[in-house]
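Heavy atoms only: backbone and side chains are in, while hydrogens, waters and symmetry mates are out. Remember, predicted model here, so these are calculated numbers, not experimental data. One is the number of the first residue; the rest follow in order along the sequence.
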Amino acid sequence: GHAVDAAIAVHSVLSLVEPQSSGIGGGAFMVVYERESGDITVVDGRETTPAGSSTDLFYDKDGKVMDFLTAWQSGRSVGVPGQVALYGKAHELFGKAEWSSLFADAIELSENGFEVSPRLAEVLANERLRAVVNLDDNPDTAPYFYPNGEPLAAGALRTNPELAETLTLISEEGANAFYEGPIAEAIVKSAGAGEYGSDMTLEDLANYEVVVREALCGAALSYKICSAPPPSSGGSTQNAILGLYELMIEDLAPDDREGKLRAFVDAQRIGYADRDHYVADADQVFVPAQDLYDPAYLKVRVEDRFEPGEVPTPGDPGAVLRNEPYIDMWGHDMTDDKPGTTHISIVDTYGNAVS
């Protein structure tokens with residue numbers, strides 16, 4: 001098979017064994033490198049906002065902005081999932097193995113049980129998390145993650161026959177089985193439940209489309225670096241971080257490991273401050289993705305190193321590159337980024353790569 005086939009098989013298993021980080025109810029970006037042609041393709045399967053959503057999405061019934069926990073755990077935060085559609089599109093473009101075979105391991109583990117990892121067990125047992133997350137209260141999730149009121153223990157065997165049933169349907173009928181019929185109906189019903197339910201409709205699911213995009217590429221440390229364009233931040237941020245790092249280590253001795261470590265951390269902090277301010281959905285708003293790693297901008301931005309206790313702030317590529325400041329086109333939001341995602345890297349026997 002192709003690296004894409006392996007990536008689909010791997011992620012379908014992660015949906016089962018690592019539900020705290022990703023799953024078929026979410027979305028993803030896939031960057032594919034074809035060894036023979038040298039082509040790089042980005043498949044965008046990110047979640048989308050339901051068509052009926054409006055600007056008051058995160059206001060409560062009294063017209064006030066919801067607090068984070070209420071908004072986060074309500075149906076309002078549920079996007080139209082793109083992961084399974086991404087599987088289908090990527091397999092259509094690159095797949096070599098039989099579609100149904102890609103889900104065999106995930107189905108078998110769901111039916112016969114998987115061993116709960118220490119990481120999953122630790123997340124479920126975390127008292128601070130349990131105090132704010134509704135997994136142990138929700139009647140649909142509590143019996144699964146907290147049997148008899150206790151969090152799953154590391155090493156325990158956990159089956160998931162419902163996921164096996166879902167993946168079997170997808171493997172037999174294709175990706176569309178997730179977006180039409182009983183699965184789609186269950187998603188809409190579940191997401192729409194509660195005081196602040198989602199506006200998602202069956203039409204939202206049926207109309208979901210994966211987008212094939214060109215990669216964003218740059219150069220640093222003698223490498224050509226390519227990753228996903230907006231709405232992903234991969235292409236601009238990876239290039240910015242490595243471009244900044246290259247500038248920071250120019251005058252360091254080859255054996256200055258502490259200096260290089262500090263430089264790498266500083267480069268990431270600066271790169272992420274810009275990412276958090278500027279990167280959004282370029283289909284909806286202006287995103288200066290290439291400006292963020294333009295060498296002329298990085299030469300100025302590299303001077304903005306922040307002390308360990310400081311909160312890094314964004315720069316202004318517009319002012320540097322064109323003498324046209326544009327930093328205030330975006331709202332200044334210093335909200336901490338919440339962790340929770342998965343990254344998979346695969347190279348196949350032909351030299352094709354998937355990220």
Side-chain angles (χ1 to χ4, degrees), residues 3-4 7 28-44 213-279 282 287-308 310-322 337 339 341-355:
V4 161
F29 299 97
M30 184 183 280
V31 183
V32 183
Y33 167 71
E34 296 174 273
R35 178 71 179 86
E36 193 171 317
S37 65
D39 291 341
I40 297 174
T41 305
V42 178
V43 190
D44 174 358
R213 303 185 186 275
E214 288 186 21
L216 272 185
C217 297
L221 302 169
S222 77
Y223 291 100
K224 180 181 180 182
I225 301 153
C226 297
S227 189
S232 169
S233 61
S236 59
T237 310
Q238 296 299 335
N239 277 292
I241 289 170
L242 292 173
L244 288 163
Y245 176 71
E246 184 174 40
L247 292 168
M248 289 176 184
I249 64 171
E250 275 180 344
D251 299 324
L252 295 182
D255 61 349
D256 187 355
R257 296 180 63 183
E258 187 175 328
K260 289 180 178 179
L261 178 60
R262 170 69 191 266
F264 190 55
V265 171
D266 284 348
Q268 290 180 87
R269 296 180 77 210
I270 292 170
Y272 262 75
D274 283 359
R275 164 208 188 260
D276 288 350
H277 186 73
Y278 291 105
V279 180
V287 180
Q290 289 172 304
D291 286 357
L292 296 175
Y293 63 93
D294 186 296
Y297 171 61
L298 296 183
K299 280 184 181 175
V300 174
R301 186 70 166 127
V302 76
E303 302 299 324
D304 296 332
R305 297 173 81 161
F306 297 89
E307 291 302 313
E310 284 186 274
V311 176
T313 53
D316 190 339
V320 173
L321 300 175
R322 287 177 287 279
D337 210 23
T341 186
T342 276
H343 188 90
I344 303 164
S345 298
I346 291 171
V347 180
D348 66 21
T349 189
Y350 313 106
N352 302 310
V354 168
S355 179

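Residues A220 and G243 share a closest heavy-atom pair of CB-N, 3.8 Å. Residue K260 comes nearest to P254 through the heavy atom pair NZ-O, 2.9 Å, listed as atom of the first residue, atom of the second, then distance. For the pair A353 and V347, the tightest heavy-atom approach, listed with the atom from each and the gap, is CB-CG2, 4.1 Å. Across all non-hydrogen atoms, the minimal contact from G271 to I241 is CA-CG1, 4.3 Å. The heavy-atom pair separating V354 from A7 by the smallest distance is CG1-CB, 3.8 Å.
Interatomic distance, CG of D291 versus CG of D316, reported as 9.5 Å (0.5 Å rounding). One distance of note links CG of D44 with CE of M30; it measures 12.0 Å at 0.5 Å rounding. For the atom pair OG (S233) and CG (L216), the distance works out to 10.5 Å, reported to the nearest 0.5 Å. Within the model, atoms OH of Y33 and CG of D39 stand 9.5 Å from one another, a figure rounded to the nearest 0.5 Å. Once rounded to the nearest 0.5 Å, the distance linking CG of L244 with CG of N239 reads 10.5 Å. The distance from atom SG of C217 to atom CD of Q238, rounded to the nearest 0.5 Å, is 12.5 Å.
Residues that satisfy the side-chain contact (heavy atoms from CB on, under 4.5 Å) test with R257, not counting sequence neighbours, are absent from this structure. In terms of the side-chain hydrogen bond (donor to acceptor under 3.5 Å, both in side chains) criterion, D294 has no residue partners (sequence neighbours excluded). Residues that satisfy the ring pair (Phe, Tyr, Trp, His ring centres under 6.0 Å) test with F264, not counting sequence neighbours, are Y245. Take Y350 and apply the side-chain contact (heavy atoms from CB on, under 4.5 Å) test, not counting sequence neighbours, and it matches K96, D348, N352. Annotation: side-chain contact (heavy atoms from CB on, under 4.5 Å) contacts of D266 (sequence neighbours excluded): M248, R262, R305. Every residue meeting the side-chain contact (heavy atoms from CB on, under 4.5 Å) condition with A228, not counting sequence neighbours, appears here in chain and number order: F29, V31, V42, S232.
Looking at heavy atoms from C-beta onward, D276 lies out of side-chain contact with P314 at the 4.5 angstrom threshold. Counting only heavy atoms from C-beta outward, the side chains of D274 and R301 approach each other to under 4.5 Å. Using a 4.5 Å heavy-atom threshold, the side chains of P295 and E246 count as separate. In this structure, Y293 and L242 have side chains that are not in contact, with every pair of non-hydrogen atoms separated by 4.5 Å or more.
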Before you tell me yes or no, could you show the steps for V43 and V4 under side chain to side chain contact (heavy atoms under 4.5 Å, CB included), namely the whole-Å CA-CA distance, both residues' side-chain angles and the distance that decides it to 0.1 Å? CA-CA 11 Å; V43 190; V4 161; over 6 Å; no

Starting from the C-alpha separation in whole Å, work towards a yes-or-no answer on side chain to side chain contact (heavy atoms under 4.5 Å, CB included) for L247 and E250. CA-CA 5 Å; L247 292 168; E250 275 180 344; 3.9 Å; yes

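Side-chain atoms of R269 come within 3.5 Å of backbone atoms of F306 as a donor-acceptor pair (strictly under, hydrogens ignored). Of the possible polar contacts, one joining the Y278 side chain to the G315 backbone as a donor-acceptor pair under 3.5 Å is found.
In this model, no donor atom of one side chain and acceptor atom of the other lie less than 3.5 Å apart for T237 and R275.
Heavy atoms of other residues, nucleotides or ligands lying less than 6.0 angstrom from CD of E258 number 12 at most. Annotation: Q268, atom CD; neighbour count of heavy atoms from other residues, nucleotides and ligands within 6.0 Å is above 12.
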